[in-house]
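Okay, structure first, notes after.
These values consider heavy atoms only, across backbone and side chains, with no hydrogens, waters or symmetry-generated copies.
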Amino acid sequence: KQNTKGKKIETKNEIKVNYKVWLLDGTLCYSSDKKGPKIFVVGADNVESGVHEGVKLMKEGEKALFILPAHLAFNLIGDRNKIPPKSAVVYEIEIISVR
């Protein structure tokens, strides 16, 4: 995590992020490089609960890596696509903007 003077993120802020999601074995599952940046409301939108908690420790302009256990990521069922059941995941998050 870098230390910046950007705006602190709080619940109900709308944020725009670049992201990558890996399995612990290094398999890249999802990336904003292919899908474009994601915009979501902290604490409200359908994003993994561990991401909501992690971004509240960040500020605009910062990058961080989060390792999320299954219960804070895709839970017991996975995402029924690229994330298997009961999988921990690694998120790389870059906060582009905070509103």
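Taking the side chain as every heavy atom from C-beta outward, Ser49 and Leu72 approach each other to under 4.5 Å. Two residues are said to be in side-chain contact when any heavy atoms from C-beta on lie closer than 4.5 Å; Leu23 and Val89 meet this criterion. Contact check for Glu48 versus Phe66: no side-chain heavy atoms found under the 4.5 Å cut-off.
Heavy atoms only, all atoms of each residue included: Glu60 and Val98 are closest at OE2-N, 3.1 Å. Here the closest heavy-atom approach between residue Ser87 and residue Ala73 is recorded as O-CB, 4.3 Å. The two atoms that bring Lys20 and Ser31 nearest to each other are CG-OG, 3.7 Å, heavy atoms only.
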Query raised in the report: Step by step, would you call Lys38 with Val47 a side chain to side chain contact (heavy atoms under 4.5 Å, CB included)?
Result: CA-CA 10 Å; Lys38 182 166 186 75; Val47 175; 3.7 Å; yes
Query - Evaluation steps, side chain to side chain contact (heavy atoms under 4.5 Å, CB included), between Val21 and Val90 - result: CA-CA 6 Å; Val21 183; Val90 178; over 6 Å; no
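In the hydrophobic clustering of this structure, Leu24 groups with Leu28; members are Ile, Leu, Val, Met, Phe, Trp, Tyr whose side-chain heavy atoms approach within less than 4.5 Å, directly or through other members.
Atom-to-atom distance recorded for Ser97:OG and Ile9:CD1 is 9.5 Å, nearest 0.5 angstrom. The NZ atom of Lys56 sits 9.0 Å away from the NZ atom of Lys8 when rounded to the nearest 0.5 Å. Here Ile95 contributes atom CD1 and Tyr19 contributes atom OH; the two are 13.5 Å apart, rounded to the nearest 0.5 Å. Annotation: the span from Ile96 atom CD1 to Ile15 atom CD1 amounts to 9.5 Å, rounded to 0.5 Å. Lys7 NZ to Glu62 CD: the interatomic distance, rounded to the nearest 0.5 Å, is 14.5 Å. A distance of 6.5 Å separates CH2 in Trp22 from CG in Leu65, rounded to the nearest 0.5 Å.
Under the 30°/60° scheme for interplanar angles, the aromatic rings of Phe40 and His52 are found to stand perpendicular.
Atom NZ of Lys86 sits in a sparse spot, with 12 or fewer heavy atoms from other residues, nucleotides or ligands closer than 6.0 Å. Enclosure of atom CD1 in Ile67 is not indicated, since only 12 or fewer non-hydrogen atoms of other residues, nucleotides or ligands lie within 6.0 angstrom.
Qualifying side chain to side chain donor-acceptor pair (under 3.5 Å) partners for Asn46, counting only residues two or more places apart in sequence or in other chains: none. For Glu14, the side chain to side chain donor-acceptor pair (under 3.5 Å) test picks out Arg99, with sequence neighbours left out.
Note that Lys35 lies outside the cation-pi zone of Tyr30, set by a 6.0 Å cut-off to the ring centre and a 45° limit from the axis.
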